[in-house]
Amino acid sequence: MPMTELLQAALSRPNLPATGLLIFVLLYWLTVIVGLLDFKTLDLDLDHDLDTEAHLGVAWLNHALAFFNLGRIPLMVFLSFVALPLWVGSILTNYYTGNQSGLLGLAFLGPLFIGSLLVAKVLTTPFVRLFASLEKDHADHTNPVGKICTVLLPTTRERLGQAAVRTGEVALTLNVRAASAATELRKGDTALVIDYDATGRCYLIEPYEVA
């Protein structure tokens, strides 16, 4: 397929959703490369502070996300491995069927998306151990537990916030929750990082008064 014809196919109605997703992924990585975003900016938080009935209701979803390695690798890494095969599959399917209908293109997109998810799972599996090792090394060298931090976004036990902490020469921005259910920390408050919640993938902090 010539380059001009490929461009026309990519911008045609049947392929526009897949092309849009691919463009979004490419723009995201461009902003990461130039330093405007961290590659985990859009990462998933699989922690849910819900009652028992609601927790059971989302348990299936969490297991499904874990099956596709989400939570063990960054969301945008996984989405990148979804977007490319989805786009290629959409281009080829609509080309060989001679489809020019946007509605039929959407119908094709359903099974193509499922197939792309399975392809992404296979392709990202080797990265699971790599990211686990990177996170462990990062935690070993920049462990903020026991450090004083400054709250950037308000947080309670139920609401996730952010805090800034310096470990040696490294400045970190942490996802945090208040350690106590009765505690509310506001922007600008000083707090102490007391523990890491592996399930919620965030740090627990409590108010700290600097002498």
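Index from 1, following the sequence.
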Only counting residues at least two apart or in another chain, list the ones meeting side-chain contact (heavy atoms from CB on, under 4.5 Å) with [X].
X	answer
Glu184	Thr156, Arg159, Arg186
Leu26	Leu22
Arg13	none
Glu206	Leu192, Ile194

dist Ile23:CD1 -> Leu30:CG (nearest 0.5 Å) comes out at 12.5 Å
Once rounded to the nearest 0.5 Å, what's the spacing between atom CZ of Arg166 and atom CG of Leu172? 9.0 Å
Partners meeting side-chain hydrogen bond (donor to acceptor under 3.5 Å, both in side chains) with Thr124 (sequence neighbours left out): Asn69
Residues in side-chain hydrogen bond (donor to acceptor under 3.5 Å, both in side chains) contact with Thr155, at least two apart in sequence or another chain: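 Scan of Thr155 (side-chain hydrogen bond (donor to acceptor under 3.5 Å, both in side chains), adjacent residues dropped) gives none.
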With sequence neighbours left out, what residues match Phe81 under ring-ring contact (aromatic ring centres under 6.0 Å, His included)? Phe127
Donor-acceptor contacts, no H, no angles, side chain residues 105-123, under 3.5 Å, sequence neighbours left out:
from   : atom 1 : to     : atom 2 : distance (Å)
Ser116 : OG     : Leu86  : N      : 3.2
Ser116 : OG     : Leu112 : O      : 2.8
Lys121 : NZ     : Phe67  : O      : 2.8

Residues that, via side-chain heavy atoms closer than 4.5 angstrom, fall in one hydrophobic cluster with Leu103: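 None; Leu103 is a cluster of one.
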Name the residue from Val176, Leu174, Ile148, Leu204 that meets the side-chain contact (heavy atoms from CB on, under 4.5 Å) definition with Val193. Leu174
I would like to know whether Leu79 and Phe24 meet side chain to side chain contact (heavy atoms under 4.5 Å, CB included); could you show each step before the answer? CA-CA 10 Å; Leu79 192 59; Phe24 167 74; 4.1 Å; yes
ILVMFWY cluster, Leu75 and Leu27 together (side-chain gap under 4.5 Å): no
